[in-house]
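Chain naming here is simple, since letters A, B, ... match the order of the sequence lines and numbering starts at 1 in each. Keep in mind the model is a prediction, meaning the values are calculated, not measured.
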Amino acid sequence: MFKDILFGTSASPAGDYAARVAFELAGRFDAHLRLVHVLGVPSRGFSYLAEDVRTGEQVVIDDDYKAWVEEEIKTYYAKQLEKCNDYSIHVCVGHPHREILREARNSNPDLIVLGGPTEENEGSAYKKIVAGSTIQLVSKSALCPVLLVSRPAASFWGGISSVVFGADFSKASDAAFKFAKKVAASIPGCELHIFHAMDIGPVHTGLSLSQEEIEDKIREARKKIRHKYVANLEGFEKYSMEVWEGLPYVEIVKFAREKQADLIVMAYSTKDVDAENARLGSNMEQVIMRSTCPVISVNRKMAKN
Amino acid sequence: MPKKILVIDDDPNIADYLTTIFENNGYEVCSANDVNTGYEVAKAEKPDLVTLDLEMPTEWGPRFYRKLSQDDELKNIPVIVISALSGNQYAIQKAAATITKPFDRDELMKIVKDVLME
C-alpha cells in the first residue's frame with residue numbers, strides 16, 4: 001500500500017509521536033522512509049545565514065553544517081533507524097511547507113507524515129487547538145494523502161486495521177472515500193467504518209431543529225451513504241455505517257474512540273483558494289488536534305487526480 | 001483461591017521479573033510474549049488482571065485491548081499498561097492504570113492491589 005513515505009520532521013520532541021507512526025508504517029509496509037528536515041528559514045532572500053529551528057541560533061548554512069545536522073538527525077533517531085532497512089535523510093533550507101512540498105513533488109511519495117505544531121508557546125490554548133501552519137499548508141497542496149499525528153494518544157496503534165472514513169459528501173470526500181477503501185482493502189481483516197456527523201449546532205442551522213427533523217435528516221444522510229459509498233464497496237464485507245448528530249468534530253473523535261479506530265480518513269474541504277493563507281476546515285483541524293489515532297487528510301487536488 | 005494475573009510483554013526479562021513479583025505476592029501468573037498469544041491465554045485462563053506492554057513485534061498492546069474489549073467474556077478484565085514509551089498514559093483510554101518502566105516494585109504492587117480492590 002505504501003512504498004515511499006515522506007516524514008517531515010523537526011527532529012525534536014514535538015515530532016516524536018509522528019516519528020513513532022512514520023517508522024512503524026515504513027517497517028510494516030516495507031516502505032522507503034524519506035526523512036525531510038528543514039533546518040531553518042534564511043534571514044533574507046538568498047542569505048547564507050539562517051535560524052536553526054532546533055537550536056534557535058543564527059548559523060551559516062553550508063555543506064558542512066548540513067552534514068552535521070544530518071548526523072544529529074541520525075543520532076536523534078538512532079534507535080528507530082537501527083530497525084529501519086530503507087531510509088534516506090534530506091536536509092534543506094527554507095520555509096518548511098514549501099520545502100516539504102518541493103521534496104514531495106520530486107520524490108512522489110505515497111504518503112506524507114507530519115507531527116504536531118512546533119510553536120514555542122508550549123502549553124498555550126492556541127497550541128492545543130490550532131494546527132500549525134506547516135500542517136495547514138502541506139495538507140492543502142500535497143498531491144498525496146497527508147497523515148497527521150498531533151497527540152501522543154494517536155501514536156500507539158502500531159499499524160492499521162480499523163479505519164474511520166469521515167464523510168461530508170463533498171468531491172474531496174469522494175477521493176477520501178476511495179483512499180480509505182483502498183487502505184482497508186489492502187490490509188487483510190481491516191474494518192472500514194463510514195461515518196457522517198450531522199451538524200446541528202445553532203450557528204450552522206440557524207434555528208433549533210425538532211427531533212423529528214433531526215431524525216429525518218439522519219435517514220437522508222444514511223441513504224446518501226448507501227448510494228454514494230456503500231454501493232461502491234463491491235465485495236468488501238467488514239464495513240459499517242453510522243450517522244450521529246451533534247458538533248461534527250466532537251462526534252468524529254468520539255466515534256473513532258468508540259470503535260477504537262487506528263486511522264481516520266477525512267477530506268480537506270476548505271473553500272479558501274489562497275494556498276498561502278488557507279486554513280484547514282475547522283472540523284478537520286479539530287479532529288487532527290483531538291483524535292486518539294492518526295488522521296489522513298485528502299485534498300481536492302487528489303480528487304482531481 | 002489466588003487471583004490470576006496475565007503478563008503480556010515481549011521482553012523475557014521484564015516478563016520474568018513481573019512474574020516473580022506477582023508470585024511472591026501470592027498471585028497465580030500466566031504470561032504471553034505477543035498480542036495474539038496473549039488473547040488466547042486470556043480466553044483460556046480468564047485472568048483477574050492483565051499487565052500489558054505497548055510496543056511489541058507484529059501487534060501493539062492497544063490491539064490486544066481492542067480484542068479484549070470486544071469479547072463479552074473478557075471485556076471487564078482490568079488492564080494495567082506497563083511501558084517505557086513516552087506519553088504512555090494516553091495509549092489506552094480505559095486502562096485501569098499506567099506504569100512507566102523502569103518501575104518501583106512497591107509502587108507496582110500498590111497499584112495492582114488497588115486495581116484488584118484488595
Using distance alone, with no hydrogens and no angle check, list the donor-acceptor pairs under 3.5 Å between chain A and chain B.
| unit_1 | atom_1 | unit_2 | atom_2 | d |
| --- | --- | --- | --- | --- |
| A:R20 | NH2 | B:S86 | O | 3.2 |
| A:R20 | NH2 | B:S86 | OG | 3.4 |
| A:R28 | NH1 | B:T58 | O | 3.3 |
| A:R28 | NH2 | B:T58 | O | 2.8 |
| A:W157 | O | B:R63 | NE | 2.8 |
| A:W157 | O | B:R63 | NH2 | 3.3 |
| A:G158 | O | B:R63 | NE | 3.3 |
| A:G159 | O | B:R63 | NH2 | 2.6 |
| A:S161 | OG | B:R63 | NH1 | 2.4 |
| A:S161 | OG | B:R66 | NH2 | 2.3 |
| A:Q260 | O | B:R66 | NH1 | 2.5 |
| A:Q260 | NE2 | B:S69 | OG | 2.6 |
| A:D262 | OD2 | B:R63 | NH1 | 3.3 |
| A:D262 | OD2 | B:R63 | NH2 | 3.0 |
| A:D262 | OD2 | B:R66 | NH1 | 3.3 |
| A:D262 | OD2 | B:R66 | NH2 | 3.2 |

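- Within the 4.5 angstrom heavy-atom criterion, atoms from both the backbone and the side chain of B:L85 approach chain A.
- Other residues, nucleotides and ligands place no more than 12 heavy atoms under 6.0 Å from the OH atom of A:Y239.
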